[in-house]
Amino acid sequence: MREALAEAAFQLFMERGFEQTTVDDIVARAGVGRRSFFRYFPSKDDAVFPDHERCLADMRTFLADHPGGDPVARVCDAARLVLRLYATNPEFSVQRYRLTREVPGLRTYELSVVRRYEVTLASYLRGRYGTSRDGALRAEMIAAAVVAAHNNGLRTWLRSGGEGHPDAEVDHALDLVLRVWTESGQVSWDGHPADAAPAARPDERTGADDGGTESGTGPGAGGDRRGGGGPGSEGGDGDDVIVVVAKRNAPLWRVVQRIESALEDD
């Protein structure tokens, strides 16, 4: 019944226009009473987007069923559920896109639906990042980035009239989100900055600069970087020896930065 009402409503919207179509028109076309319509849809606006409630429920289930792994990759995959929804019926998706461009009220409604997807993704990410530093802020930013990337690719496909498949556009946009948030040191799986080194123990702090990496300390590094250091140094020949201690997943640019800084200090 829900699908029949939505189909009748959309046919009338395309034939007469959204504003010119009433709920009475819709139920007459579907051959049911007004009570049946309002059992499924609070308003005729909802009949334009009959599938998003189910998609939101599917997204929540998908996220709940995958509590591990990279959270950014997981929310990107969750966004693809929406893409699949649109790609299932390209003709309807394109017509709805054009209708929402023509009716300001539907555009506002669509934005509210988009916001609900964003809230769902952010809620999942907050749960993954827990109480980590700026975890809630990262959750909101990543969720917004994923939704924006997905919608950019999807709308590019819709504006083309639904030609081909939207996977390529959306995948390209979501891959950019993944590169920004997981490969550049912005955030690690546990929500901590990927380039943050662990706090040094008291016996490791001698000669440390700001804690990100350390120069001139650790095994094999003497009190003086200029020769006479640890095993293997050519003591007294004037060559610079730099020993850097860094977290395993620290980005290379930060390690290089520390080395350059140590050399400049000389």
- prompt: Looking at D51 and R96, does any basic side-chain N land under 4.0 Å from a carboxylate oxygen?
  reply: yes

Listed partners of R101 passing side-chain hydrogen bond (donor to acceptor under 3.5 Å, both in side chains), at least two apart: E110

Short side-chain to backbone donor-acceptor contact, D171 and A168, under 3.5 Å: no

message: Can you tell me which residue among Y109, Y97, Y117 is in a ring-ring contact (aromatic ring centres under 6.0 Å, His included) with F49?
response: Y109

field: Ring geometry between F18 and F13 (parallel below 30°, tilted from 30 to 60°, perpendicular above 60°)
entry: tilted

message: Once side-chain hydrogen bond (donor to acceptor under 3.5 Å, both in side chains) is applied, do any residues pair with D24, and if so which ones, sequence neighbours excluded?
response: R34

- line: Only residue of Q20, R16, K44 satisfying side chain to side chain donor-acceptor pair (under 3.5 Å) with D25 is R16

task: Report the distance from atom CD of E169 to atom CG of L158, rounding to the nearest 0.5 Å.
output: 11.0 Å

- line: Between the CG atom in L106 and the CD atom in E19, the distance rounded to the nearest 0.5 Å is 7.5 Å

- request: State whether R2 and E53 are salt-bridged, where the test is any N-O pair (Lys NZ or Arg NE/NH1/NH2 against Asp/Glu carboxylate O) under 4.0 Å.
  value: no

message: Regarding R126 and E140, does a basic nitrogen lie under 4.0 Å from an acidic carboxylate oxygen?
response: yes

- request: Give a yes or no on whether a salt bridge exists between R80 and D77, defined as a side-chain N under 4.0 angstrom from a carboxylate O.
  value: yes

